[in-house]
Amino acid sequence: MQHGPAVRRRKLGAELRALRTGAGLTSGEAARLVGWHQSKVSRIETGASGVKPADVRLLLDAYGVRDSQLRELLLVLAGSDESGGRHHWWHAYRGVLPPTYRDFISLESQASAMRTLETSVVPGLLQTPEYARAVTKAAVDGLDDERLDALVEVRLARQDVLRSHPPLELSAVLDEAVLRRDVGGPGVMARQLERLVEAARLPQVRLQVLPFTAGAHIGITGPFVIFSFSSTSDLDVVVLDHLTSSLYLERKEDLQAYTEAFNTLRFHALSPEDSLDYIAGIGDGA
């Protein structure tokens, strides 16, 4: 269990090591190709030290990596500030966002798929502006209007990943409490439930409701997110959100445990079709 930056260094290092091995190079040979000492390559591959995006480019060129999607993902993990497509827009909010939130957004922007269990609030990618404002105001104490506005802007800007080409594939299981909790008042909730119904009809969104009648379930310990990446499964990561920080789980056994938990939750939840009707029914006061 690590914080975001450490996980990214380790994952980046492991991927660079795999690419070097795939290119048939020893760490010493790789170091000579880019004009470094062998110890620098070793420190990067073990995650013992950070690495600049420019250094990652040198290694990728030396290893003959031409896959643009993989290159961009690894550069983001190295902290690249270069803008391109849907990526890196959040750097304009550096003064507003804590580092753990920036890490989360960077992973979200690069992921090909996201699986999430939500037990309290609507997932950020599906929130309306009014709901996002009410949630943010309740979650972060003492916000002035300017900072509140900025955080809501970030929340809404994140939703662009669902409209990208290709879009992020979102699979969400929502505990019924998410739908019943009155956030922002009846009017805000009515529009939010309408938004969920709209989102559930999108081909890249799979939304399922876990009704109260399902009883106790494996997700009662709390919400979680699993990010997956099309370039390599070795970069998949589980994110657990806490009040003051986020924790990132990268071990294969952790990923397997949370993947199995999510599959179990989906099995016990209503089907996507029944979930859509269930959400609409709550919105209609059924």
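Numbering starts at 1 and runs along the sequence shown.
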(message) Would you say that more than 12 heavy atoms from the other residues, nucleotides or ligands in this model lie under 6.0 Å from the CZ of Phe267, or not?
(response) no
(request) Report yes if some heavy atom in the side chain of Glu118 is under 4.5 Å from a heavy atom in the side chain of Val173; otherwise report no. (result) no
(request) For the residue pair Leu16 and Ile44, establish whether any side-chain heavy-atom pair is separated by less than 4.5 Å. (result) yes
(request) Kindly indicate, with the supporting measurements, whether the criterion side chain to side chain contact (heavy atoms under 4.5 Å, CB included) is fulfilled by Arg57 and Leu75. (result) CA-CA 8 Å; Arg57 286 192 199 89; Leu75 288 169; 3.7 Å; yes
(message) Assess the residue pair Leu58 and Trp36 against the criterion (side chain to side chain contact (heavy atoms under 4.5 Å, CB included)); give the C-alpha distance rounded to whole Å, side-chain angles, the decisive distance to 0.1 Å, and a yes or no.
(response) CA-CA 11 Å; Leu58 285 175; Trp36 299 345; 4.1 Å; yes
(request) Report the C-alpha separation of Leu162 and Leu170 in whole Å, then their side-chain angles, then the decisive distance to 0.1 Å, and conclude whether the side chain to side chain contact (heavy atoms under 4.5 Å, CB included) test is met. (result) CA-CA 8 Å; Leu162 295 177; Leu170 173 64; 4.1 Å; yes
(message) Is it the case that the ring center of Phe227 lies less than 6.0 angstrom away from the ring center of Phe104?
(response) yes
(message) Are Glu45 and Arg20 packed together at the side-chain level, in the sense that at least one heavy-atom pair is separated by less than 4.5 angstrom?
(response) yes
(request) Give a yes or no on whether the backbone of Val122 and the side-chain of Tyr131 come within a donor-acceptor separation of less than 3.5 Å. (result) yes
(request) Drop me the distance from Leu33's CG to Tyr63's OH, to the nearest 0.5 angstrom. (result) 8.5 Å
(message) Which heavy atom of Leu207 sits nearest to which heavy atom of Leu196, and what is that distance?
(response) CD2-O, 3.7 Å
(message) To check you understand the geometry: which heavy-atom pair defines the closest contact between Leu126 and Ala199, and what is its length?
(response) CD2-CB, 3.7 Å
(request) Please examine the side chains of Met114 and Val225, heavy atoms only from C-beta on, and report whether any two atoms are closer than 4.5 Å. (result) yes
(request) Please round to the nearest 0.5 Å and tell me the distance separating atom OG1 of Thr128 and atom CZ of Arg195. (result) 9.0 Å
(message) When you compare the side chain of Arg71 with that of Asp61, does any pair of heavy atoms fall below 4.5 Å?
(response) yes
(request) Among residues two or more places apart or on two chains, list those pairs meeting side-chain hydrogen bond (donor to acceptor under 3.5 Å, both in side chains) that have a residue in residues 209-226. (result) Asp175-His217
(request) Find out whether Thr259 and Val238 are in side-chain contact, i.e. whether some heavy atom of one side chain is under 4.5 Å from a heavy atom of the other. (result) no
(message) Please find the pair of heavy atoms, one from Thr46 and one from Arg17, that lie closest to each other, and give the distance.
(response) N-NH1, 4.4 Å
(request) Measure across Ala62 and Val34 and return the closest heavy-atom pair with its distance rounded to 0.1 Å. (result) CB-CG1, 4.1 Å
(message) If you define the side chain from C-beta out and look only at heavy atoms, does anything of Thr116 sit under 4.5 Å from Leu174?
(response) no
(message) Can you list everything that forms a side-chain hydrogen bond (donor to acceptor under 3.5 Å, both in side chains) with Lys40? Sequence neighbours excluded, please.
(response) Asp55
(request) May I ask you to decide if Arg155's main-chain N or O and Gln127's side chain share a donor-acceptor pair within less than 3.5 Å? (result) no
(request) Apply side chain to side chain contact (heavy atoms under 4.5 Å, CB included) to Val209 and Ile279, showing your working. (result) CA-CA 8 Å; Val209 174; Ile279 296 169; 3.8 Å; yes
(request) In plain terms, say whether Asp144 and Arg147 are close enough for a salt bridge, that is, a side-chain N and a carboxylate O under 4.0 Å apart. (result) no
(message) Taking side-chain contact (heavy atoms from CB on, under 4.5 Å) as the definition, give me every residue that meets it alongside Ser271, ordered by chain and number, with sequence neighbours left out.
(response) Glu273, Asp274
(message) With a 4.5 Å cut-off on side-chain heavy atoms, are Val154 and Val96 touching?
(response) no
(request) Count the heavy atoms of every other residue, nucleotide or ligand shown that sit under 6.0 Å from CD of Glu146, and state whether that count exceeds 12. (result) no
(message) For the backbone of Thr26 and the side chain of Glu29, can you confirm whether one donor and one acceptor N or O come within less than 3.5 Å of each other?
(response) yes
(request) State whether the side chain of Asp182 and the backbone N or O of Met189 hold a donor-acceptor pair below 3.5 Å, judged by distance alone. (result) no
(request) Working to the nearest 0.5 Å, report the span between CD1 of Ile282 and CG of Asp284. (result) 10.5 Å
(message) Once side-chain hydrogen bond (donor to acceptor under 3.5 Å, both in side chains) is applied, do any residues pair with His268, and if so which ones, sequence neighbours excluded?
(response) none
(request) Specify the closest pair of heavy atoms between Leu270 and Pro211, including all atoms of both residues, with the distance to one decimal. (result) CG-CD, 4.0 Å
(request) Before accepting this row, confirm whether a basic side-chain N of the pair Arg191/Glu194 lies closer than 4.0 Å to the acidic partner's carboxylate O. (result) yes
(request) May I ask you to decide whether Arg158 forms a salt bridge with Glu108, counting only side-chain N to carboxylate O separations under 4.0 Å? (result) yes
(message) If only side-chain N and O atoms count, and only distance matters, is there a donor-acceptor pair under 3.5 Å linking Gln38 with Ser42?
(response) yes
(request) Looking only at non-hydrogen atoms, find the nearest pair between Leu12 and Leu74 and report the distance. (result) CD1-O, 3.7 Å
(message) Whether the side chain of Ser228 engages the backbone of Asp236 through a donor-acceptor N/O pair (distance < 3.5 Å, no angle test) should be reported.
(response) no
(request) For Arg115 and Phe262, indicate whether the former's side chain and the latter's backbone hold a donor-acceptor pair under 3.5 Å. (result) no
(request) Using side-chain hydrogen bond (donor to acceptor under 3.5 Å, both in side chains) as the criterion, list what pairs up with Arg206, not counting sequence neighbours. (result) Gln208
(request) Can you sort out the partners of Thr136 under side-chain hydrogen bond (donor to acceptor under 3.5 Å, both in side chains), two or more places apart, ordered by chain and number? (result) none
(message) Return the CG to CZ distance between Leu117 and Arg266, rounded to the nearest 0.5 Å.
(response) 13.0 Å
